[in-house]
Novice: 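Below is a structure I'd like to ask you about.
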Amino acid sequence: MIHHFQIKRIYDPPSKSDGLRVLADRLWPRGVSKAAAQIDLWAKELTPSNDLRKWLHEDPERYDDFVPRYQAELMDRRAQVDEFLMQYGCPVMTLLTATKEPSRGHLPVLQAYLEQRIAQS
């Protein structure tokens, strides 16, 4: 089972301490080859819907409103999230994104939700 999550940009060099490397972006990052990315999994199903992603991209100041909307989407996909955690559980998982400011993107929301689901299981 997973004990620790990390968040990194896909443009950061891979590390042995990354554990399972999961790209959690709906779109493939520009300028990164699949070989250079060294991902183990591309988890599009855990990302914000296309509409929600575009809505935030249009105005990053909407972030505070984005968080509960994305949380609601994750709750609607609870079965998929639980299946993901059961199938890909490992001690360390690194969630990867192309977002310039990962702390103001969807990954902290996803990480908190995944940690919550693990705690409840």
Novice: Of the non-hydrogen atoms in Ala98 and Asp25, which two are nearest, and what is the gap between them?
Specialist: N-OD2, 2.6 Å

Novice: Hydrophobic clustering (ILVMFWY, side-chain heavy atoms < 4.5 Å, transitive) - are Val32 and Ile7 grouped together?
Specialist: no

Novice: Looking only at heavy atoms, which two atoms of His57 and Pro60 are closest? And how far apart?
Specialist: O-CD, 4.0 Å

Novice: Donor-acceptor check, side chain of Thr99 to backbone of Glu101, threshold 3.5 angstrom: yes or no?
Specialist: no

Novice: Got a donor-acceptor contact below 3.5 angstrom from the Glu45 side chain to the Val81 backbone?
Specialist: no

Novice: For a 4.5 angstrom cut-off between non-hydrogen side-chain atoms, does Leu41 reach Phe84?
Specialist: yes

Novice: Rounded to the nearest 0.5 Å, how far apart are CD of Gln38 and CG of Leu23?
Specialist: 13.5 Å

Novice: I'd like to check Ile39 versus Val22 (side-chain heavy atoms, cut-off strictly below 4.5 Å). Are they in contact?
Specialist: no

Novice: When you check the gap from the basic side-chain N to the acidic O, do Arg77 and Glu73 get nearer than 4.0 Å?
Specialist: yes

Novice: Please determine whether residues Tyr70 and Phe5 belong to a single hydrophobic cluster, defined as Ile, Leu, Val, Met, Phe, Trp and Tyr linked transitively by side-chain heavy-atom distances below 4.5 Å.
Specialist: yes

Novice: Check this for me: Glu83, atom CD, are more than 12 non-hydrogen atoms of other residues, nucleotides or ligands nearer than 6.0 Å?
Specialist: no

Novice: What are the two closest heavy atoms between Phe66 and His106, and how far apart are they?
Specialist: CZ-CB, 3.7 Å

Novice: Is any side-chain heavy atom of Gln71 less than 4.5 Å from a side-chain heavy atom of Val67?
Specialist: yes

Novice: Check whether any side-chain heavy atom of Met93 sits under 4.5 Å from a side-chain heavy atom of Leu95, and report yes or no.
Specialist: yes

Novice: Would you mind reporting whether Asp40 and Tyr88 have side-chain heavy atoms less than 4.5 Å apart?
Specialist: no

Novice: Could you note down all residue pairs passing ring pair (Phe, Tyr, Trp, His ring centres under 6.0 Å) where residues 21-41 supplies at least one of them, sequence neighbours left out?
Specialist: Trp28-Trp42

Novice: Which atom pair, heavy atoms only, marks the closest approach of Gly105 to Tyr63?
Specialist: O-OH, 2.9 Å

Novice: Near Gln120 CD, under 6.0 Å, is it more than 12 heavy atoms from other residues, nucleotides or ligands?
Specialist: yes

Novice: Distance from His4 atom NE2 to Glu115 atom CD, nearest 0.5 Å?
Specialist: 9.0 Å

Novice: May I have all residue pairs that pass salt bridge (Lys or Arg N to Asp or Glu O under 4.0 Å) and include part of residues 2-20, sequence neighbours excluded?
Specialist: Lys8-Asp18, Asp18-Arg21

Novice: Any idea which heavy atoms bring Leu107 and Ala24 closest together, and the distance?
Specialist: CD2-CB, 3.5 Å

Novice: Show your reasoning for whether side-chain contact (heavy atoms from CB on, under 4.5 Å) applies to Trp55 and Arg62.
Specialist: CA-CA 8 Å; Trp55 179 81; Arg62 296 175 174 166; 2.9 Å; yes

Novice: Determine whether Arg53 and Leu27 satisfy the following criterion, side-chain contact (heavy atoms from CB on, under 4.5 Å), listing intermediate values before the conclusion.
Specialist: CA-CA 10 Å; Arg53 179 187 64 78; Leu27 305 175; 3.6 Å; yes

Novice: Could you walk me through whether Leu20 and Val92 pass the side-chain contact (heavy atoms from CB on, under 4.5 Å) test, one step at a time?
Specialist: CA-CA 6 Å; Leu20 188 73; Val92 177; over 6 Å; no

Novice: Which residues satisfy the side chain to side chain donor-acceptor pair (under 3.5 Å) test with Arg26, sequence neighbours excluded?
Specialist: Thr47

Novice: Can you name the nearest heavy-atom pair linking Pro68 to Asp64, along with the distance?
Specialist: CD-O, 3.2 Å

Novice: In sequence, state the C-alpha distance, the side-chain angles, and the governing distance for Leu96 and Thr94, and then conclude on side-chain contact (heavy atoms from CB on, under 4.5 Å).
Specialist: CA-CA 6 Å; Leu96 301 163; Thr94 299; 3.8 Å; yes

